[in-house]
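Nothing fancy with the numbering, it's 1 onward along the sequence. Any value given below was found using the heavy atoms of this structure, including those in side chains, with hydrogens, waters and symmetry copies removed.
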Amino acid sequence: MNFFLRNSLILANFLPIYSYSSEQIDVKLNSLSEPISVYVEGNTIYYSSLPKNLVGHLNFQINTIGTFYPNGINDNNCELVESRARNSINSLFPNSVRLEQRNLVRKYGSVKLKLSTSDSFYSKALKRKIVDNISEKLNHFLSYDFKDNFQIDEVSFVVEYDRNAITNIIDQKEEINKQLLKINDINLLKKGAISVEINSSDFICDLYSGKAKIKLIYQGKYGLNKETNYILNNTEIEQLILYINNNRIKYFENNILNSKEKNLILSSILLKEGLQNINRANLDINNYFLLLDQITNSEDGKVHSSLTTNLLAIKIGSVDNYPTKYVGTLKLDVQKTNLKQTQ
């Protein structure tokens, strides 16, 4: 048993020691809409503050057929789209004409929306810029490990329409929302660009004129926080101490002349029974010997007569969690260039 105790002490000496000291650094880059704050701990970097008002860009890629062929998206073509939308709800026209006009507005205006942003927190290029910025501020270069502790759990979008938007004529905006579902994609922040095809000419014209605006909403979490792990939690420790105190007498009261080795065996049995009592019998063998070392007297091998919660609160490491909630809104600005057809 002395062999096991010696090994348990050796194991204790080799348990990792965690350092919690860190330095916060603000990083301002021209490509970012707002500054980013990071913590630098040794050679590890992780986000401590992220921009919440994000900026993105929206470009149009015109197909070789449809409403906007061949002259692209312009005021004249959008006036035609508005006229067709009004015809589609005009009761003076027969149903067949109204349906045809509606299809011209909602089915044959195929345009690919190309969304992009430089606020891409997952981008390797952006992380490289952050590392370079930190190296410059610290006046020396280090090979930093960038811990990716930014996690997006949900992506959603909203479309804000002006009261004079062409889309309001036909309305039934759920048709457009179904086409826009593909923009609920984390890849815009991961890769910096995504695209989605839209078949609604009225909506395209509203985006072009600024009478419809798309906002993407990202919800998630970030921020490294070290949470200490213990062999037993407080409740388990209290229950274990209570069991040991209640049963200690039957093991040691009448065994005054026991050898240290025999007492260690009895202490081991008592600890095992106590762990079974609190449903922790499957405890890792290394952690078991760490507990045994804590509850026994090094002189005679008996269980201490006065056990405390602090005595048995043995740290075995730490884990990272994400304590800071993140809600960021990305507004898309329309780029009115290259609006003619793209081959």
Side-chain angles (χ1 to χ4, degrees), residues 14-59 114-157 183-194 214-229 315-335 337:
F14 279 94
L15 283 173
I17 298 173
Y18 292 85
S19 171
Y20 296 92
S21 60
S22 59
E23 180 181 357
Q24 181 168 310
I25 297 177
D26 293 330
V27 178
K28 295 182 180 180
L29 300 174
N30 292 333
S31 59
L32 294 176
S33 55
E34 295 177 359
I36 282 180
S37 292
V38 298
Y39 278 120
V40 180
E41 183 176 301
N43 276 2
T44 302
I45 301 174
Y46 50 92
Y47 293 122
S48 62
S49 177
L50 290 171
K52 295 183 179 179
N53 300 303
L54 314 178
V55 176
H57 305 292
L58 189 154
N59 285 283
K114 303 183 76 174
L115 286 61
S116 62
T117 181
S118 57
D119 284 326
S120 179
F121 308 130
Y122 284 113
S123 164
K124 289 183 179 179
L126 177 63
K127 291 177 181 178
R128 183 69 259 171
K129 289 179 182 179
I130 292 174
V131 169
D132 291 343
N133 187 280
I134 292 170
S135 295
E136 184 178 342
K137 288 187 176 184
L138 297 178
N139 295 318
H140 61 89
F141 175 79
L142 289 175
S143 179
Y144 287 106
D145 174 25
F146 206 119
K147 192 172 184 67
D148 193 353
N149 67 322
F150 176 46
Q151 178 176 317
I152 291 295
D153 300 317
E154 182 180 344
V155 186
S156 58
F157 71 89
I183 70 173
N184 284 351
D185 191 337
I186 196 172
N187 278 328
L188 184 56
L189 284 190
K190 268 191 171 182
K191 299 179 179 179
I194 59 173
I214 301 174
K215 289 196 303 185
L216 286 162
I217 302 166
Y218 298 92
Q219 297 184 57
K221 47 188 173 285
Y222 69 94
L224 195 65
N225 183 35
K226 297 212 170 174
E227 181 179 283
T228 303
N229 277 343
K315 297 178 182 179
I316 55 171
S318 64
V319 294
D320 302 337
N321 58 23
Y322 304 83
T324 306
K325 290 185 178 180
Y326 177 79
V327 179
T329 301
L330 189 150
K331 295 183 179 180
L332 292 164
D333 294 331
V334 174
Q335 306 292 294
T337 56

Q: Please check if the side chain of Gln219 supplies one atom and the backbone of Asp153 the other of a donor-acceptor pair under 3.5 Å.
A: no
Q.
I need the Asn59 CG to Leu332 CG distance, nearest 0.5 Å.
A. 10.5 Å
Q: Output yes when a side-chain donor or acceptor of Ser48 lies under 3.5 Å from a complementary backbone atom of Ser37, and no otherwise.
A: yes
Q.
To the nearest 0.5 Å, what is the distance between CD1 on Ile45 and CD1 on Ile134?
A. 3.5 Å
Q) Roughly how far apart are Lys129 NZ and Ser118 OG, rounded to 0.5 Å? A) 8.0 Å
Q: Run the numbers on Leu115 and Ile214 for side chain to side chain contact (heavy atoms under 4.5 Å, CB included), then give the verdict.
A: CA-CA 10 Å; Leu115 286 61; Ile214 301 174; 5.7 Å; no
Q: Under the side chain to side chain contact (heavy atoms under 4.5 Å, CB included) rule, collect the residues that match up with Pro35, sequence neighbours excluded.
A: Lys28
Q | Atom pair CD1/OG1 of Ile194 and Thr117 - distance to nearest 0.5 Å | A | 10.5 Å
Q) Which residues satisfy the side chain to side chain contact (heavy atoms under 4.5 Å, CB included) test with Ser156, sequence neighbours excluded? A) Ile217
Q) Are Leu29 and Leu126 close enough that some pair of their side-chain heavy atoms sits under 4.5 Å apart? A) yes
Q) At what distance, to the nearest 0.5 angstrom, does CG of Leu54 lie from CD of Glu34? A) 7.0 Å
Q | Short side-chain to backbone donor-acceptor contact, Tyr326 and Pro51, under 3.5 Å | A | yes
Q) Looking at NZ of Lys190 and CZ of Phe150, how far apart are the two atoms once the value is rounded to the nearest 0.5 Å? A) 11.0 Å
**Q.** CA sep, side-chain torsions, deciding dist, call: Leu32, Asp119, side chain to side chain contact (heavy atoms under 4.5 Å, CB included)
**A.** CA-CA 6 Å; Leu32 294 176; Asp119 284 326; 3.4 Å; yes
Q: Only one of Asp26, Ile130, Leu50, Asn133 passes side-chain contact (heavy atoms from CB on, under 4.5 Å) with Val38; say which it is.
A: Ile130
Q) Would a 4.5 Å heavy-atom cut-off, applied to side chains only, mark Leu188 and Ile183 as touching? A) no
Q: Kindly indicate whether the side chain of Leu58, heavy atoms from C-beta on, has any atom under 4.5 Å from the side chain of Asp333.
A: no
